[in-house]
Amino acid sequence: MPVCLLVSEDDSHKPIQLHPQQPVTLGRGPQTKIKDKKCSREQVELRADCSRGFITVKQLGVNPTSVDDVVVGKDNQVTIKPGQRLYLVNQQYPYRVKFTEDTSTPRSAADLTTPSKRPHQMIREKIKSPANPASTPHTDHHRMSDHSPPPKKTLPSESDKSGSAGHWSQGLKVSMQDPKMQVYKDDRVVVIKDKYPKARYHWLVLPWDSISSLKALRSEHVELLKHMQRVGDQMVQQCPDAHKLSFRLGYHAIPSMSHVHLHVISQDFDSPCLKNKKHWNSFTTDYFVESQDVIAMLEHDGKVTVKDGTSELLKLPLRCCFCHKEQPTIPKLKEHLKTHLPS
DNA sequence: GTTCTAGAAC
DNA sequence: GTTCTAGAAC
């Protein structure tokens, strides 16, 4: 049976040995030499599964523990495998996990990048209730995977509402888990209504797999993205107004919210939640990247690149997406958009 | 991402 | 005076 070592990547102290299935609490203190008050004395609970080659990380502290660039969230747990990096708090204090036969002779750092059998990042419970069949588009259920939804919502403690687990940028991770928000789900994706819809119909398609943003996408995700687009298309098909509204499916080039999400949005932009220039330009300029373009880029280049200056697109003058006439203010734009609405 | 609000624009 | 935006705070 191999033993598991947690290796401080900045070499601040010697590796910590984790015994199989014995929970170890780690945080600020002499063992880690961490003095940062942002790091709780009991920041994480770690449990090594030596036979399967991963450790489970549960965030106990309020400030964010992360695996690579994905925040775990208070009371959430994820797995970490060799090759991944654990940051104890605030993207600081990096650790690698290492499985070895002999603790007395830890090998070089190169060994730490041993490829894992599967990119199985999050181990989570199965969802309790099935999707509402009435709102469920028909999809191919030809396979079941282990991409199960997470077990519970992330709730910041009453004493600290600014905890990063409850940080606004992590909101989608919470919403996608909430059965009340889900309008469709299968083994790979979940669909929720946008909490602040920018049009009459505005859904988000999210993969169960934790993919932080477009930047993290690789060729291996092509099939998943095609599936997300198919599900998005099906949401449009089942929409009662599909015959009179047009829809676009795409991604924000630089999203504010963590966790890759495909916008499926009707092109009326008739919504009180559409309030400012940023909202408008994020859906009507090249800041909005068509799903098919993302897929094509991934197939062609193996990654998604965002052009320089894309963030500047949000500051462009307000221009009607139908007749391209410039509008001086948001209220005027909204008034103008009514002239393009279907009768 | 939203909310709030100072001050710019009208 | 009111309307509206943009940036800070969350």
Side-chain angles (χ1 to χ4, degrees), chain A residues 38 61-64 66 69-74 76 89-91 150 153-178 180-183 190-207 210-216 228 248-266 269-289 306 309-320 325-338:
Chain A
K38 298 286 185 191
V62 287
N63 290 316
S66 44
D69 59 350
V70 179
V71 171
V72 177
K74 181 163 166 57
N76 280 345
V89 74
N90 291 333
Q91 290 292 145
K153 293 176 202 177
T154 296
L155 293 173
S157 63
E158 287 114 323
S159 58
D160 185 358
K161 291 193 168 61
S162 67
S164 278
H167 190 261
W168 57 261
S169 65
Q170 306 300 314
L172 291 180
K173 294 184 202 295
V174 177
S175 297
M176 65 185 275
Q177 297 162 27
D178 183 351
K180 292 192 289 293
M181 304 287 279
Q182 298 163 343
V183 293
V190 60
V191 182
I192 59 175
K193 286 186 185 180
D194 193 295
K195 199 171 172 184
Y196 299 91
K198 304 303 185 291
R200 290 179 185 175
Y201 299 95
H202 188 179
W203 295 285
L204 304 177
V205 184
L206 305 107
S210 184
I211 303 169
S212 59
S213 73
L214 293 185
K215 274 194 217 165
M228 287 168 67
R248 288 183 79 197
L249 281 68
Y251 300 83
H252 280 154
I254 308 165
S256 301
M257 307 292 280
S258 194
H259 203 109
V260 159
H261 51 285
L262 171 66
H263 290 270
V264 179
I265 182 167
S266 59
F269 298 111
D270 177 19
S271 164
C273 297
L274 197 154
K275 292 178 175 175
N276 59 45
K277 184 176 273 189
K278 182 175 174 177
H279 292 155
W280 178 253
N281 284 332
S282 73
F283 287 102
T284 61
T285 68
D286 287 344
Y287 196 92
F288 188 84
V289 189
V306 171
T310 297
S311 61
E312 299 305 305
L313 298 175
L314 296 178
K315 298 173 186 168
L316 287 173
L318 300 168
R319 200 170 282 284
C320 173
K325 190 169 183 289
E326 194 172 318
Q327 301 295 325
T329 65
I330 287 285
K332 294 269 167 55
L333 169 67
K334 295 190 129 194
E335 205 55 40
H336 172 84
L337 286 173
K338 289 181 185 170

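We name chains A, B, ... by the order of the sequence lines, and we start the count at 1 in each one.
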**Student:** With a 4.5 Å limit on heavy-atom distance, are the side chains of Tyr251(A) and Val260(A) in contact?
**Tutor:**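 Sidechains of Val260(A) and Tyr251(A): in contact.
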
**Student:** Would you indicate what Lys198(A) reaches in the nucleic acid, counting non-hydrogen atoms under 4.0 angstrom: base, sugar-phosphate, or nothing?
**Tutor:**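 If one applies the 4.0 Å heavy-atom cut-off, Lys198(A) turns out to touch the sugar-phosphate alone, with no base involved.
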
**Student:** Check whether any side-chain heavy atom of Tyr201(A) sits under 4.5 Å from a side-chain heavy atom of Lys193(A), and report yes or no.
**Tutor:**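 Side-chain contact under 4.5 Å: no.
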
**Student:** Using a 4.0 Å heavy-atom cut-off, does Thr329(A) contact any base of the nucleic acid, only the sugar-phosphate backbone, or nothing at all?
**Tutor:**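 If one applies the 4.0 Å heavy-atom cut-off, Thr329(A) turns out to touch the sugar-phosphate alone, with no base involved.
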
**Student:** What does Lys275(A) touch in the nucleic acid at a heavy-atom separation under 4.0 angstrom: a base, only the sugar-phosphate, or nothing?
**Tutor:**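 The answer is sugar-phosphate, as Lys275(A) gets under 4.0 Å only of primed atoms, P, OP1 or OP2.
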
**Student:** When all nucleic acid strands are considered with a 4.0 Å heavy-atom cut-off, which category describes Ile330(A): base, sugar-phosphate, or nothing?
**Tutor:**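 Result for Ile330(A) = sugar-phosphate.
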
**Student:** Hey, can you tell me if Phe269(A) and Phe283(A) have their rings parallel, tilted or perpendicular (30° and 60° cut-offs)?
**Tutor:**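 Phe269(A) and Phe283(A): tilted rings.
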
**Student:** Can you find a heavy atom in the side chain of His279(A) that is under 4.5 Å from one in the side chain of Cys273(A)?
**Tutor:**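 A side-chain contact under 4.5 Å is absent here.
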
**Student:** Go through DNA chain B in 5' to 3' direction and return only the first and the last nucleotide with some atom under 4.0 Å of chain A's heavy atoms.
**Tutor:**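 From 5' to 3', the first and last contacting nucleotides are dG1(B) to dT3(B).
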
**Student:** Ignoring hydrogens and geometry, is there a side-chain-to-backbone donor-acceptor pair from Lys334(A) to Leu274(A) under 3.5 Å?
**Tutor:**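 Answer holds: yes.
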
**Student:** Report the residue from His336(A), Arg319(A), Lys332(A) that forms a side-chain hydrogen bond (donor to acceptor under 3.5 Å, both in side chains) with Glu326(A).
**Tutor:**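 Among the candidates, only Arg319(A) passes.
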
